[in-house]
Amino acid sequence: MKNFKFLASSIMISSVLAFTAACGNSDDANTNGSNSGQQSSSESGSSEQKLEGEIAIDGSSTVGPIMEAVSEEFAAEHPDVKAPIGISGTGGGFEKFTAGETDISNASRPIKDEEKKVAEENGIEYTEFKIAFDGLSVIVNKENDWVDKLTIEDLAKIWKGEPKKWSDINPEWPDEQIKYFSPGTDSGTYDYFDEVVLGGEPIVKDATLSEDDNVLVKGVANDKNAIGYLGYAYYLENKDQLKVVPIVNSKGEAVEPTNETIEKGTYEPLSRPLFFYVNNKSLKEKPQVYEYVKFALENAGQLAEEVGYVKLPQEQYDEQLKTLEGLK
């Protein structure tokens, strides 16, 4: 995943600096003047505005892989800036963000009204940025040969109320108990599924809930009667172990999540935008935060695609860069 263009640039820059330093020493020795050397040192110091410090980032496990890629590449250019990515879920991330504990909060859903209220009470002003598209992917075991598509109504019947057998959904399906694997309730993925499928009703009570997508992958991969859902990138990363289920859209078409169907909007209603939120005070007072966000918006399209998500149209990144400039 790592792009080594920064390493190559660093090596080239180091070589140029070494050569320049050697020439400078030679010139100093020939002129026997100390003022020339002092001036060079002063000019060098004023031209170098080295970024350093920390950036506190937490939130969505779905957005996490994109921001981890951003942090990795940003560190190659700015090694004195530390920007580790915490994964406490969208809800957990907003809890920290609205308390003023983090600079950036990754989210797989928009901020809720109650979270906005807490931020306002704590004097936290923020800006929302979109970073990519995701397609919430419904997964079953590779040996499941009876489910070839599902409607939103099917999903609601499967996931609401009491635990069920597959035959309760379709009499032609096996008379076997369904095993359920879902993101935890702090996850924006859960919130989105709740909005589109559950409609605010409780999820089946014997579902395994986890903020760790790897738990969901293993659970479904190891049980023939399992069903689950997770972000598109995690499905792609584990597609050899899983079977993705096409979802019937509003036109009656059974559509799989792919880069094309997510970007064009035909994989609906389970495609969604992904976000990160930035504390405006951090943008103004911490140069490393401003430069990190600028770097993220300039590189998000490529990095999102590299880790399995779908980039936004370029004009959306460009517009957000203008918004960022206005916050400086």
Side-chain angles (χ1 to χ4, degrees), residues 59-63 89-95 106-118 128 130 133-140 144 146-171 173 177-211 213 215-216 219-220 225-232 234-235 244-257 261-262 265-275:
S60 167
S61 64
T62 302
V63 182
T90 296
F94 276 135
E95 188 173 335
N106 300 327
S108 56
R109 59 158 172 82
I111 190 169
K112 295 180 178 179
D113 288 341
E114 54 266 35
E115 293 162 339
K116 293 179 183 179
K117 184 178 179 181
V118 174
E128 174 192 280
K130 289 182 182 179
F133 289 120
D134 180 31
L136 191 151
S137 303
V138 177
I139 52 172
V140 295
N144 183 322
W146 57 92
V147 176
D148 57 1
K149 63 183 177 181
L150 290 170
T151 64
I152 294 298
E153 292 72 25
D154 291 332
L155 287 172
K157 189 174 180 181
I158 289 169
W159 287 94
K160 289 182 182 181
E162 295 297 315
K164 303 171 186 68
K165 296 181 178 180
W166 284 108
S167 56
D168 294 328
I169 311 303
N170 185 325
W173 291 352
Q177 199 73 35
I178 301 173
K179 302 294 177 63
Y180 303 87
F181 293 88
S182 165
T185 54
D186 269 345
S187 167
T189 304
Y190 177 93
D191 289 336
Y192 190 75
F193 193 77
D194 181 28
E195 178 184 338
V196 175
V197 176
L198 300 177
E201 295 186 32
I203 199 169
V204 287
K205 59 186 176 183
D206 71 341
T208 297
L209 302 177
S210 177
E211 306 294 346
D213 293 283
V215 171
L216 311 182
V220 174
N225 291 298
I227 189 170
Y229 62 95
L230 37 64
Y232 177 58
Y234 286 102
Y235 159 65
V244 72
V245 180
I247 302 301
V248 179
N249 65 17
S250 59
K251 295 181 179 180
E253 303 164 332
V255 180
E256 282 190 20
T261 62
I262 293 169
T266 56
Y267 182 69
E268 45 93 2
L270 295 184
S271 56
R272 56 179 176 164
L274 301 176
F275 308 88

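Here, residue 1 is the first one in the sequence, and each next residue gets the next number.
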Is the shortest side-chain heavy-atom distance between [X] and [Y] below 4.5 Å?
{"X": "I247", "Y": "T151", "value": "no"}
{"X": "I111", "Y": "V118", "value": "no"}
{"X": "N225", "Y": "V140", "value": "no"}
{"X": "F193", "Y": "L136", "value": "yes"}
{"X": "V138", "Y": "L270", "value": "yes"}

[X] side chain vs [Y] backbone, donor-acceptor pair below 3.5 Å:
{"X": "Y232", "Y": "I262", "result": "no"}
{"X": "E268", "Y": "S250", "result": "yes"}
{"X": "D194", "Y": "G200", "result": "yes"}
{"X": "W173", "Y": "W146", "result": "yes"}
{"X": "N249", "Y": "E253", "result": "yes"}
{"X": "K164", "Y": "E162", "result": "yes"}
{"X": "W166", "Y": "Q177", "result": "no"}
{"X": "K157", "Y": "D168", "result": "yes"}
{"X": "N144", "Y": "V147", "result": "yes"}
{"X": "N170", "Y": "S167", "result": "no"}

key: Test side chain to side chain contact (heavy atoms under 4.5 Å, CB included) applied to F181 and I139, step by step   = CA-CA 10 Å; F181 293 88; I139 52 172; over 6 Å; no
key: Within 45° cone of Y192 ring axis and under 6.0 Å: R272 NZ or CZ   = yes
What pair of heavy atoms forms the shortest contact from [X] to [Y], and how long is it?
{"X": "Y190", "Y": "G184", "value": "CB-O, 3.2 Å"}
{"X": "V220", "Y": "G228", "value": "CG2-N, 3.9 Å"}
{"X": "V196", "Y": "I152", "value": "O-CG2, 3.8 Å"}
{"X": "Y235", "Y": "L230", "value": "N-CD1, 3.6 Å"}
{"X": "V63", "Y": "A107", "value": "CG2-O, 3.4 Å"}
{"X": "P183", "Y": "L209", "value": "O-CD2, 3.7 Å"}

query = Are E195 and R109 within salt-bridge range, i.e. N to O under 4.0 Å?
reply = no
ask   = Does a side-chain N-to-carboxylate-O contact under 4.0 Å join D191 and K112?
value = yes
task = Would you please test K160 and L198 for side chain to side chain contact (heavy atoms under 4.5 Å, CB included) and show each step?
result = CA-CA 6 Å; K160 289 182 182 181; L198 300 177; 3.9 Å; yes
Nearest 0.5 Å, please: how far is [atom2] in [Y] from [atom1] in [X]?
{"X": "E211", "Y": "L216", "atom1": "CD", "atom2": "CG", "result": "9.0 Å"}
{"X": "I169", "Y": "L155", "atom1": "CD1", "atom2": "CG", "result": "9.5 Å"}
{"X": "D206", "Y": "Y180", "atom1": "CG", "atom2": "OH", "result": "6.5 Å"}

request  = Show the numbers, then the answer: is there a side chain to side chain contact (heavy atoms under 4.5 Å, CB included) between N106 and F275?
outcome  = CA-CA 6 Å; N106 300 327; F275 308 88; over 6 Å; no
task = Test T261 against E256 for side chain to side chain contact (heavy atoms under 4.5 Å, CB included), laying out the working first.
result = CA-CA 7 Å; T261 62; E256 282 190 20; 5.9 Å; no
Evaluation steps, side chain to side chain donor-acceptor pair (under 3.5 Å), between T90 and S108 = CA-CA 6 Å; T90 296; S108 56; 3.2 Å; yes
request  = Could you tell me whether the side chains of Y229 and S182 share a donor-acceptor contact shorter than 3.5 Å?
outcome  = yes
message = Under a 3.5 Å threshold, yes or no: a donor from one side chain and an acceptor from the other, between T62 and T189?
response = yes
